[in-house]
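So that the names make sense, note that chain A is the first sequence line, chain B the second, and so on, each numbered from 1.
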Number of protein chains: 2
Amino acid sequence: MSEKDAVERRWSIGELARASGTTVRALYHYDEIGLLRASERTASGHRRYTEGDLRRLYRVRALRALGLSLEEIAGVLADSPDDLETMRALLAAQLHDLEDQAGRIDRLRQRLHGLLGKLDDASMPDTDQFMMTLETMSVFETYFTQEQQDQLAERRADLGPAAVEEAKARWVDLVGELLPHVQADTPVDDPRVRDLVSRWDALGSAFHADGEQGERTKAAAQRMWDDNSADLGRRLPWPADQMVALVAYVGRVRQAS
Amino acid sequence: MSEKDAVERRWSIGELARASGTTVRALYHYDEIGLLRASERTASGHRRYTEGDLRRLYRVRALRALGLSLEEIAGVLADSPDDLETMRALLAAQLHDLEDQAGRIDRLRQRLHGLLGKLDDASMPDTDQFMMTLETMSVFETYFTQEQQDQLAERRADLGPAAVEEAKARWVDLVGELLPHVQADTPVDDPRVRDLVSRWDALGSAFHADGEQGERTKAAAQRMWDDNSADLGRRLPWPADQMVALVAYVGRVRQAS
DNA sequence: CTTGAACCTCCCGCGACGGGAGGTTCTAGC
DNA sequence: GCTAGAACCTCCCGTCGCGGGAGGTTCAAG
């Protein structure tokens, strides 16, 4: 009899919180949402938790430590009298979620690492420059999918930094030659501008992959320039409105051919 | 004049959302919290965003893509006219946060991986067994710090699974020899029980590190058993109430020596 | 019998929006 | 000028897992 009484212990909410390493507030919450209610109450309304409640709480805490939501926990603790398969599926799904998160966090880490490197270099002179880098990143993300960005980065790595710089320089030359035509409004079927634009396109093509994927990436780049020429142009050494006019003009030249 | 008008474009909220890859709702939110308000309104109250607003939005999006909170973003966009150091500190802190998260996620992944492995083995017969494993994990986490658990795991790895199994078997033998004494209530200073308990303690010591750290881990294990002998005992092949009595008895024997 | 700790219920708060209700305004076609 | 439908406006409730406080009651020890 006394042995039985010793085993059938009851816990107040504070005792349970201390015994399980949670807080009283969390236990109120579990009670509210029906995840873990005290099996008994005293006459005055104080919660009395039984040993069964304590065991349930340990299960709840263990499953939460695995990252499951309270709703998922309520699910497995309720509907699976001995359904291991439900549990397996839930844990597998949870693992899959975590792999996803780990991937995202890793990409973010690399980005932050790169940015911090740039900040430590002398290569980043002021906040404005840095912000412009960020803006450009943001615009890129709006127009290119993750895979497309990876492709572009890979392509740049293949070509090597020297080739990229040379392409940039040649592109600057092209812009320099084209701007006067824009201002003079040279007819869009003039062989001189057609030649310049075809060299322009060839220059861009070097950065895209071959085949259908490359075409889609090119189309995305085109949309980006059409929508944002004013904004992207600000990053360049010419007045933004001239760049807007230039992009529009180049588009008309392409259409004419 | 007409050129200026062309440059000073305005965007409606929907246009801005499409141009930046966000949602109208998010823009309302940014307006509400003062992070990005439309510089102008039409006579009827519709928002008109200027090019400056668009640029600010790109910055906001870029910083959000790095995982910064809207509050942090408002901070750097407001108080740093050209303060690169604030930015650097913020990004460094963010990177540190991410490292933390990556660590937690990695540990969770390993745990989930291990659990799924056990589920796929024939080693996990039913849900109840599995839940008990989880409960035990939960209790361990309540009483041992992360480092202490790592230490214990390392120690077990050092000893090797064969030694661990042998220790378990010898401990089972000890319990088998001690239980009759508990039931008979053999005096706690009887040399036979003192010998049994000292062998018990020696067995446990093999799993703890030497020095002060090991002592703290032992103390934590002691607290765990004292608080939870009924619950932990259920996992063992003897009745739970006998285990409770046993733990209490062993405690008295230790005190007597 | 008192006092302080523990307990009770009810309610607001976070962060970054999503989504809906219920109303007004813009825009294109007739 | 009229109408329909798209776009816009403001206000408000919901998310998830509690934290924290107000304002009151009950318990346990001295």
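Once you apply a 4.0 Å limit to the heavy atoms of chain B, the touched nucleotides of DNA chain C run 5' to 3' over C:dA16 to C:dC26.
In this structure the side chain of A:L57 never reaches within 4.5 angstrom of the side chain of A:Y49, judged on heavy atoms. With contacts defined as side-chain heavy-atom distances shorter than 4.5 Å, the pair A:R56/A:Y58 does not qualify. With contacts defined as side-chain heavy-atom distances shorter than 4.5 Å, the pair A:R37/A:Y30 does not qualify. At a threshold of 4.5 Å between non-hydrogen side-chain atoms, the residues A:T50 and A:E40 count as touching. Taking 4.5 Å as the limit, some side-chain heavy atom of B:S12 sits within range of a side-chain heavy atom of B:R48.
The CD atom of A:E32 sits 13 Å away from the C1' atom of D:dC16 (whole-angstrom rounding). The distance between atom NE2 of B:H46 and atom C1' of D:dA7, rounded to the nearest whole Å, is 7 Å.
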Between B:L95 and A:L108, is a side chain to side chain contact (heavy atoms under 4.5 Å, CB included) present by the stated rule, with each step listed?
-> CA-CA 8 Å; B:L95 184 55; A:L108 258 187; over 6 Å; no
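Heavy-atom distances to DNA chain C give each of A:R18 and B:S69 a nearest nucleotide, and the one nearer the 5′ end belongs to A:R18.
Within the nucleic acid shown, A:I13 comes within 4.0 Å of sugar-phosphate atoms alone, with no base atom in reach, counting heavy atoms only. Among the heavy atoms of the strands, none lies under 4.0 Å from A:R48.
The local environment of CD in A:E15 is crowded, with over 12 non-hydrogen atoms from other residues, nucleotides or ligands closer than 6.0 Å.
The existence of a salt bridge linking A:E85 and A:R88 is confirmed by a sub-4.0 Å separation between a basic side-chain nitrogen and an acidic carboxylate oxygen.
Residues from residues 22-30 of chain A with heavy atoms under 4.0 angstrom of DNA chain C, sorted by number: A:R25, A:Y28.
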